[in-house]
Student: 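Pasting a structure below so you can have a look.
Starting from 1, each residue takes its place in the sequence as its number. Keep in mind that this is a model prediction, so the values were computed, not measured.
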Amino acid sequence: MKKLLLIVLGALLVAQPADAQFLKKLFKKKAKTEKKKKSGSKADGIDDDAQVAMADWATVADNQNNRNAFLNIPLGIKADRFEKSLMEQNFTERKPEGKQTAKSYVYEGDVYGAKSIVTLATTDQTARVYAVDVEEEQIYPSLQAVQQRFQELKKQLTGVYGQGFIDNQGEAYTIQTRLGTVSLHYERGSLTSSYTIGFTLDDAKAYNMAYGEMDAEDKEYEDAPRSIDNGLALACNHTDLVGLGVKLLQNRQLKAAQIILRSYDYKIGKVTAKVVPATFAMADYQASVSMARKKQNITSVAITATDDIAAICKDLQTYGFTSSDQKTWRQGNMTVVVSTDKQGRVVVTLR
């Protein structure tokens, strides 16, 4: 089976970047939804009664019990207790088909105005909820329809969790706070022109615990957890710079490039005969774009940001770029150079 997966993955490396990202999500989702018997609910010294939902971390002296939350239910508590809180909000358990080796923790209910399927991800040994997956039951018939719902959900989620950034070349929106991560995304059906939409969220401390309890095979499908200090994860220091840059090069007409920048929530500055500038700010994260133009065509893109250079190189690999020195990357007729400026900011230049 693993050999077959490697063959499929190898074939996908030559596909479009968005397809590679989509396959990654499919594999990740498959790994999370495969049920296996838990080793039991071990004592871990965490008091569920003490866990709070999204207190203002900047004013709390000790954030060890401060949690990311779903519908005001703190993550990091025991799954059975989380289930009880969902039931109190009129969710119902969805009974699985066929024989299961472990409880599924799947529910149906209303989430931000839409009937949805809610799945809890729990730690292997301590049975604590570290992530929640929400998938709307409605099937959207067109890209326009799902993008409209995407904007509605984006507004609702940012109202609860704060500002995030456009991700996965426009198909996702990620909010990464000091307490956890929220990822809104839509996907096209594999054999149809219809779309589904949903979001996942995790608690940084609970995910850190879950990662430590996973076996090596499960960790292959997961990102390494962020470091935790005084109950808080490291601040967000990486956005979809590669996806933005590639999309701009694929849409070199001036008007099309400006539309893409706005869709990524960048503010466009004063356009000159030679340069189109734009900026993006999110808490301590700063990014700027400078697009060189010749009449109505974009000739190159330079993005400067307070970003993580290692994460950018990893994204370039995911998007199918190759490099012999981790500085100059190539895919087809596109070339990307990654460097740093005197202020230590990452500079990504695409041609």
Side-chain angles (χ1 to χ4, degrees), residues 16-18 21 147 150-151 154 158 163-176 235-351:
Q16 294 296 321
Q21 292 281 2
Q147 286 179 336
F150 181 89
Q151 292 302 322
K154 175 186 170 185
T158 54
Q163 183 189 5
F165 58 91
I166 296 296
D167 208 354
N168 195 28
Q169 289 200 319
E171 294 181 2
Y173 187 78
T174 298
I175 304 170
Q176 192 171 79
C236 178
N237 68 341
H238 179 58
T239 67
D240 188 31
L241 297 185
V242 175
L244 171 61
V246 168
K247 204 165 183 179
L248 289 171
L249 284 190
Q250 291 173 339
N251 297 269
R252 290 176 180 263
Q253 287 293 311
L254 178 60
K255 288 185 178 179
Q258 289 175 313
I259 290 172
I260 291 168
L261 284 171
R262 292 190 184 98
S263 74
Y264 264 73
D265 296 333
Y266 276 70
K267 294 182 180 179
I268 298 176
K270 184 178 179 180
V271 178
T272 70
K274 293 184 177 181
V275 178
V276 180
T279 58
F280 174 78
M282 178 183 63
D284 294 331
Y285 183 91
Q286 305 286 330
S288 63
V289 172
S290 179
M291 298 190 302
R293 58 176 291 203
K294 186 175 182 180
K295 295 184 178 180
Q296 298 302 308
N297 291 324
I298 303 301
T299 58
S300 66
V301 178
I303 308 175
T304 303
T306 54
D307 213 295
D308 182 347
I309 194 167
I312 288 173
C313 291
K314 183 178 179 181
D315 283 354
L316 284 164
Q317 289 179 310
T318 301
Y319 276 86
F321 287 83
T322 58
S323 174
S324 59
D325 58 7
Q326 300 291 295
K327 295 179 181 178
T328 301
W329 298 76
R330 292 183 174 84
Q331 183 198 70
N333 61 357
M334 281 190 286
T335 299
V336 179
V337 177
V338 181
S339 61
T340 56
D341 65 8
K342 293 180 179 179
Q343 289 75 43
R345 298 172 300 182
V346 178
V347 181
V348 183
T349 305
L350 304 96
R351 291 184 176 85

Student: When you measure from the side chain of Lys247 to the backbone of Gln169, do you find a donor-acceptor pair of N or O atoms at a distance under 3.5 Å?
Tutor: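 Answer holds: yes.
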Student: Determine yes or no for a side-chain-to-main-chain donor-acceptor pair under 3.5 angstrom, with Gln317 supplying the side chain and Thr322 the backbone.
Tutor: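 Between the backbone of Thr322 and the side chain of Gln317 there is no qualifying donor-acceptor contact (under 3.5 Å).
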Student: To the nearest 0.5 Å, what is the distance between CZ on Arg345 and OG1 on Thr304?
Tutor: 5.5 Å
Student: Could you walk me through whether His238 and Asp307 pass the side-chain hydrogen bond (donor to acceptor under 3.5 Å, both in side chains) test, one step at a time?
Tutor: CA-CA 5 Å; His238 179 58; Asp307 213 295; 2.6 Å; yes
Student: On a heavy-atom basis, which atom in Phe150 and which in Ala172 lie closest, and how many Å separate them?
Tutor: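 Looks like CZ-C, 3.7 Å.
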Student: Under 3.5 Å, is there a donor-acceptor pair linking the side chains of Asn297 and Gln253?
Tutor: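 Looking only at side-chain atoms, Gln253 and Asn297 do form a donor-acceptor pair, the distance falling under 3.5 Å.
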Student: Taking atom types as modelled and ignoring hydrogens, do the side chains of Ser339 and Asp341 form a donor-acceptor contact shorter than 3.5 angstrom?
Tutor: no
Student: Between Thr335 and Arg351, is there a donor-acceptor pair closer than 3.5 Å when you use the side chain of the first and the backbone of the second?
Tutor: no
Student: If I compare all heavy atoms of Leu241 with all of Ala305, which pair ends up nearest, and what's the gap?
Tutor: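 Result for this residue pair: CD1-CB, 3.8 Å.
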Student: Using the side-chain contact (heavy atoms from CB on, under 4.5 Å) rule, take Val246 and Met334 through it: C-alpha gap first, then chi angles, then the decisive distance, then the call.
Tutor: CA-CA 8 Å; Val246 168; Met334 281 190 286; 4.2 Å; yes
Student: For residues Gln163 and Tyr173, report the shortest heavy-atom separation together with the two atoms involved.
Tutor: C-OH, 3.9 Å
Student: Gln147: what forms a side chain to side chain donor-acceptor pair (under 3.5 Å) with it, not counting sequence neighbours?
Tutor: Tyr186
Student: Does the pair Tyr285 and Phe280 meet the rule for a side-chain contact (heavy atoms from CB on, under 4.5 Å), with working shown?
Tutor: CA-CA 8 Å; Tyr285 183 91; Phe280 174 78; 4.2 Å; yes
Student: On a heavy-atom basis, which atom in Ala278 and which in Leu261 lie closest, and how many Å separate them?
Tutor: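 Residues Ala278 and Leu261, closest heavy atoms: CB-CD1, 3.9 Å.
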Student: Assess the side chains of Tyr266 and Thr279: does a donor N or O sit below 3.5 Å from an acceptor N or O?
Tutor: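 Absent: no donor and acceptor within the cut-off.
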Student: Given 3.5 Å as the limit, does a donor-acceptor pair link the side chain of Asp167 with the main chain of Asp240, or not?
Tutor: no
Student: Any chance CG of Asp325 has more than 12 other-residue heavy atoms, nucleotides or ligands included, within less than 6.0 Å?
Tutor: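 Counting neighbours around CG of Asp325, more than 12 heavy atoms of other residues, nucleotides or ligands fall under 6.0 Å, so yes.
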Student: Which pair of non-hydrogen atoms, one from Gln286 and one from Ala281, has the smallest distance, and what is that distance?
Tutor: OE1-CB, 3.6 Å
Student: Does a side-chain N-to-carboxylate-O contact under 4.0 Å join Lys154 and Asp265?
Tutor: yes
Student: Show the numbers, then the answer: is there a side-chain contact (heavy atoms from CB on, under 4.5 Å) between Ile268 and Val276?
Tutor: CA-CA 7 Å; Ile268 298 176; Val276 180; 4.3 Å; yes
Student: Using only atom types and a distance under 3.5 Å, with no angle test, would you say the side chain of Thr299 pairs donor to acceptor with the backbone of Ala292?
Tutor: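 Side chain of Thr299 to backbone of Ala292: a pair is present.
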Student: Could you tell me which non-hydrogen atom of Thr239 sits nearest to which non-hydrogen atom of Asp315, and how far apart they are?
Tutor: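 Of all heavy-atom pairs spanning Thr239 and Asp315, the closest is O-OD2, 4.3 Å.
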Student: Between Thr328 and Val336, is the side-chain contact (heavy atoms from CB on, under 4.5 Å) condition met? List the steps.
Tutor: CA-CA 6 Å; Thr328 301; Val336 179; over 6 Å; no
Student: Taking Thr272's backbone N and O only, do any of them form a donor-acceptor pair with Arg293's side chain (distance below 3.5 Å, no angle check)?
Tutor: yes
